[in-house]
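Please read these numbers as outputs of a predicted model, since none were measured by experiment. In what follows, every heavy atom counts, from backbone to side chain, and hydrogens, waters and symmetry copies are set aside.
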Amino acid sequence: MKNHTKFNHKAKIKKMQLSFSFDLTNNFDMDDEVFLVHNIVEEMNLSFLNSAYSNRGRKPVAGPRTMLKILVFAYLNRKYSARDIEDACKYDLRFRWLLNNGKSPDHVTINRFRNKIYPFMDEVLEQLVNLLIEQKEIDLKSIYIDGTKIEANANRYTFVWKKSILKYQEKLIQKILKHFDIKEGMSSKDCKKLVLTEFNNLRNTCKSKNIIFVYGKGKRKSKEQRKYEMLKEWLDKLNTYEDHLNILGERNSYSKTDNDATFMRLKDDHMKNGQLKPAYNIQCATNGGYVVDIKGFSNPTDVRTLIPFMDDLLAKYGTRINRVVADSGYESEENYLYLKEKQIESFIKPSNYEIKRTRKYRNDISRKENMIYCDTDDYYICTNNKKLEFEKIIYRKNNYGFKSESRVYLCKDCLGCNYSNKCIKSKNTSGLKRIYVSKRFEELRRKSEENITTEEGITERLNRSIQAEGIFSYIKSGMRYLRFRHRSMNKIIAEMKLLSLAINIRKLSNKMKSKNMGFIRYKEAI
C-alpha cells in the first residue's frame with residue numbers, strides 16, 4: 001500500500017501570496033485618471049465625513065477618504081452597482097492601488113458608505129467646483145441651465161392621480177352628508193370629525209350594551225355592527241384620501257413605490273402610446289464645460305424650477321454669477337422679476353421667439369403684436385382701423401401665489417365687422433374684441449430678447465446648447481445612466497452629484513492630456 005503524504009493547500013497558497021508583490025504603479029500609465037481622482041480627493045477637506053462613522057464597533061476596512069476615491073473612480077468607469085464595485089476592488093489594479101493593496105470592501109460596506117455620505121455630496125461637489133475656479137477652469141460669470149427627465153426606480157403602474165382622489169373624496173362626502181341628512185356643503189376635515197364623533201359614540205354604545213360582533217357564513221349581524229362597519233369603512237377611506245393628498249401636495253400624481261417620483265412624459269416611450277412614467281426632473285447648471293450644480297425636482301415643467309435652483313447657486317457662489325442663459329421653458333414673469341431683483345442678466349429665449357417669425361403668425365390679425373399701438377392715448381388700432389380702448393386692470397394670481405397685472409383693451413365697434421371671424425377667436429357672447437396686455441411682462445420679455453439677439457447673446461445660446469445639453473447627452477449616452485437606482489429625492493440628488501464629480505474629473509483629465517487647460521467658451525464658426 002502506497003504511503004500518501006498530505007498536501008497542505010492553504011500553506012501553499014499563502015506562500016504564493018507572499019511572493020506576489022510588485023509596484024502597482026508600473027502596470028498602468030502615469031496619466032491615468034486614477035491618479036487625478038486620488039490627488040483631487042486628497043486636496044479636499046473631508047473632516048465632515050468622520051461624522052458618518054461611529055466611534056464604537058470594528059475599525060472600517062477602508063477610511064472614508066479612500067472609500068470616496070473608490071466610489072468616484074467607479075462612477076467614472078460606469079460602475080454603479082455595489083457588487084460591480086466590489087469585483088473591481090478585488091481584480092482591478094487601479095482600485096487595488098487606491099486601496100494601497102489592502103483588504104477590499106464588500107458590497108455591503110460599499111452600499112452602507114454610499115448611504116452615509118449622501119447628505120455630504122453637495123459640499124463635496126462644491127469643493128471640487130471651488131478647486132476648478134482656483135485653476136481658472138470655471139469663471140461662473142454665465143450659468144447655462146437646462147433640464148431633463150430621468151426615470152425613477154419605481155413601478156410604472158403604481159400611480160396615484162390627484163383628480164381621481166379628489167373625485168372619490170367628493171363622492172364619499174356627498175354620500176355621508178346624505179346619510180346624516182345634511183344639505184349644506186362640508187369640508188373633508190369637518191366631515192371626518194362628524195364621522196369620527198358618530199363612530200366613537202356607536203363604539204361606546206356597543207360596549208355598554210355588550211353587543212358581540214359576529215363574522216362568517218350563517219351569522220346574522222346586528223344593526224349596530226352593520227353601522228359600526230360602515231362608519232369604520234368611511235373613516236378609513238377619508239384617512240386614505242387625506243394621506244394621498246398630503247403626499248401629492250402641489251403635484252398631480254405620484255408613485256406608491258417612490259412617493260417623490262411624479263408621472264411624466266418621457267422621450268423613451270416603451271409602450272409607443274405616450275404613456276406617463278415615474279420620473280424626476282433633473283436641472284443642471286454648467287460653466288466652462290463643467291457641472292457647477294445639479295438638482296432634482298418632482299414637478300415636470302422647468303418654469304417652476306429656476307427660482308429654487310438659483311437660490312441654491314447664489315447661496316454658494318454669491319455675486320460671481322452675472323448671467324443666466326436658458327431656453328424658452330424657463331420663461332415667466334416671475335422668473336424675469338426674480339433675476340432682475342438679483343441683478344442678474346436674463347438670457348432666456350421667449351416662448352414665441354420662433355413662431356413669431358412665421359408667415360402665419362405675422363398675418364394673424366387677432367394678435368396684439370400685429371396691431372398698431374398709440375402710446376400717447378393708450379389704445380390699439382386693429383386691421384379695420386377701429387380702436388381698442390383701455391377698459392380696466394385685472395389682477396391674476398397663479399396656483400403658487402404670484403400676482404400679475406394685466407390691462408384690458410376693448411373694441412366697442414366690432415358688430416358687423418367683416419374681420420370679426422378672424423379677429424375674435426375667444427368664446428365670448430358679447431361679440432366684442434378684447435386683448436390682455438401685461439406691460440411688465442412684455443418689457444421684461446423684450447429686454448431678454450434683445451440680449452439673446454446680440455452677437456454676445458448668440459454666443460451664449462451656442463454655449464448653452466453645447467454645454468448644458470451636452471452634459472445630459474453624456475450622462476445618458478456616455479455614462480449609460482438611463483434610470484435611477486435609488487429611491488427618494490435626497491438619494492437621487494446625491495447620486496447625480498456623485499455622477500457630476502466623475503464627469504468633472506473626466507473633463508479635467510481629458511484637458512490635461514490634450515494640454516488644453518484653461519476656461520473654454522465656444523464661439524460660432526465663421
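- With hydrogens and angles ignored, the 3.5 Å screen pairs no side-chain donor or acceptor of Thr286 with any backbone N or O of Gly289.
- The closest side-chain heavy-atom distance from Asn252 to Lys163 is not below 4.5 Å.
- Looking at Asn239 and Lys192, their side chains come closer than 4.5 Å, going by heavy atoms from C-beta outward.
- Using a cut-off of 4.0 Å between Lys/Arg side-chain N and Asp/Glu carboxylate O, Glu331 and Lys349 are scored as not salt-bridged.
- Using a distance-only test at 3.5 Å, with no hydrogens or angles considered, a donor-acceptor pair links the side chain of Thr240 to the main chain of Asp236.
- In this structure, CG in Leu36 is found 6.0 Å from CD1 in Ile505, a value given to the nearest 0.5 Å.
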**Request:** Test Glu333 against Tyr338 for side chain to side chain donor-acceptor pair (under 3.5 Å), laying out the working first.
**Result:** CA-CA 9 Å; Glu333 185 179 352; Tyr338 173 85; over 6 Å; no
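- Contact check on Arg94 versus Glu33 returns no salt bridge, with no Lys/Arg side-chain nitrogen under 4.0 Å from an Asp/Glu carboxylate oxygen.
- For Tyr80 and Tyr75, the ring centers sit closer than 6.0 Å to each other.
- Between Tyr400 and Glu250, the side chains place no donor N or O within less than 3.5 Å of an acceptor N or O (distance only, hydrogens not considered).
- Counting heavy atoms from C-beta outward, Met121 and Leu125 have side chains that stay 4.5 Å or more apart.
- Between Arg461 and Glu456, no side-chain nitrogen of the basic residue sits less than 4.0 Å from a carboxylate oxygen of the acidic one, so the salt-bridge criterion is not met.
- For residues 308-322, the pairs satisfying salt bridge (Lys or Arg N to Asp or Glu O under 4.0 Å) are Asp122-Lys316, Asp293-Lys316, Lys295-Asp312, with sequence neighbours left out.
- Between Ile348 and Ile452 the shortest side-chain heavy-atom distance does not fall below 4.5 Å.
- From Glu151, atom CD reaches atom NZ of Lys277 across 4.5 Å, with rounding to the nearest 0.5 Å.
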**Request:** Please test Gln467 against Tyr290 for side chain to side chain donor-acceptor pair (under 3.5 Å), starting from the C-alpha separation and ending with a verdict.
**Result:** CA-CA 8 Å; Gln467 295 188 35; Tyr290 296 94; over 6 Å; no
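- Taking NZ from Lys507 and OH from Tyr474, the interatomic distance works out to 10.0 Å, rounded to the nearest 0.5 Å.
- Checked by atom type, the side-chain pair Tyr317/Glu126 shows no donor-acceptor distance below 3.5 Å.
- Using modelled atom types, one finds no donor on one side chain facing an acceptor on the other under 3.5 Å when comparing Tyr91 with Arg96.
- Around the CD atom of Glu455, the shell of radius 6.0 Å holds no more than 12 heavy atoms that belong to other residues, nucleotides or ligands.
- The CD1 atom of Ile150 lies 6.0 Å from the CD1 atom of Ile475; values are rounded to the nearest 0.5 Å.
- Counted within 6.0 Å of OH on Tyr168, heavy atoms from surrounding residues, nucleotides or ligands total 12 or fewer; the atom is thus considered open.
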**Request:** Apply side chain to side chain contact (heavy atoms under 4.5 Å, CB included) to the pair Arg65 and Glu42, showing each step before the final yes or no.
**Result:** CA-CA 8 Å; Arg65 195 178 290 270; Glu42 286 294 329; 3.5 Å; yes
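- At most 12 non-hydrogen atoms from other residues, nucleotides or ligands lie less than 6.0 angstrom from CD of Glu43.
- Less than 6.0 angstrom separates the ring centroid of Tyr118 from the ring centroid of His486.
- Side-chain contact of Asn281 with Asp302: a donor-acceptor pair under 3.5 Å is present, judged by distance alone.
- Within the 4.5 Å cutoff, no side-chain heavy atoms of Lys491 are placed close to those of Met496.
- Nearest heavy atoms, Thr453 versus Tyr353: CG2-OH, 3.6 Å.
- Within the 4.5 Å cutoff, no side-chain heavy atoms of Met264 are placed close to those of Leu276.
- The two residues Gly296 and Ile282 come nearest to each other via the heavy atoms CA-CD1, 3.9 Å.
- Every residue two or more places apart in sequence or in another chain was checked for a side chain to side chain donor-acceptor pair (under 3.5 Å) with Thr319, and none qualifies.
- For the residue pair Asp106 and Thr109, a side-chain donor N or O sits within less than 3.5 Å of a side-chain acceptor on the partner.
- In this structure, the separation between CG on Leu140 and CZ on Phe519 is 9.0 Å, given to the nearest 0.5 Å.
- For Asn100 (side chain) and Gly102 (main-chain N/O), no donor-acceptor pair under 3.5 Å exists by modelled atom type.
- When side chains are defined from C-beta on, Asn153 does not count as touching Asp258, because their heavy atoms never get closer than 4.5 Å.
- Between Lys141 and Asp139 no salt bridge is recorded (no basic side-chain N to carboxylate O distance below 4.0 Å).
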**Request:** Please test Tyr280 against Phe297 for ring pair (Phe, Tyr, Trp, His ring centres under 6.0 Å), starting from the C-alpha separation and ending with a verdict.
**Result:** CA-CA 6 Å; Tyr280 289 93; Phe297 294 89; over 10 Å; no
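- The side-chain hydrogen bond (donor to acceptor under 3.5 Å, both in side chains) test with Tyr481 singles out one residue from Arg78, Lys476, Glu495, and that residue is Glu495.
- When only modelled atom types and interatomic distance are considered, Arg445 and Ser351 share a side-chain donor-acceptor pair under 3.5 Å.
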**Message:** Test side chain to side chain donor-acceptor pair (under 3.5 Å) on Thr158 and Ser255; report intermediate values, then the result.
**Reply:** CA-CA 5 Å; Thr158 56; Ser255 172; 3.0 Å; yes
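- By the 30° and 60° cut-offs, the orientation of the rings of Phe159 relative to Trp161 is tilted.
- Shown here for Val195 and Leu231, the closest heavy-atom pair between the two residues is CG1-O, 3.7 Å.
- In this structure a side-chain-to-backbone donor-acceptor pair under 3.5 Å is present from Ser253 to Phe263.
- There is no side-chain donor-acceptor pair under 3.5 Å between Ser188 and Glu242.
- When all heavy atoms are compared, the tightest approach of Leu99 to Ala62 is CD2-CB, 4.1 Å.
- Formation of a donor-acceptor pair under 3.5 Å by the Arg304 side chain with backbone atoms of Asn299 is not found in this model.
- You'll find the ring centres of Phe199 and Trp234 outside the 6.0 Å limit.
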**Asked** Given Ser104 and Glu86, is the side chain to side chain donor-acceptor pair (under 3.5 Å) satisfied, shown in steps?
**Response** CA-CA 7 Å; Ser104 61; Glu86 178 188 4; over 6 Å; no
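- Asn111 and Arg114 form a side-chain donor-acceptor contact under 3.5 Å, judged by distance and modelled atom types alone.
- A pairwise comparison of heavy atoms in Pro105 and Met67 identifies CG-SD, 3.9 Å as the closest pair.
- A distance-only check finds a donor-acceptor pair linking the side chain of Asp260 to the backbone of Met489 [under 3.5 Å].
- Note on ring orientation: taking the six-membered ring where Trp is involved, the planes of Phe35 and Trp97 are perpendicular (angle over 60°, cut-offs 30° and 60°).
- In the displayed structure, Arg203 atom CZ is contacted under 6.0 Å by more than 12 heavy atoms of other residues, nucleotides or ligands.
- In this structure, Tyr254 and His244 have side chains that are in contact, with non-hydrogen atoms separated by less than 4.5 Å.
- Residue Arg506 holds its CZ atom at 6.0 Å from CG of Asn77, rounded to the nearest 0.5 Å.
- For Asn287 (side chain) and Tyr144 (main-chain N/O), no donor-acceptor pair under 3.5 Å exists by modelled atom type.
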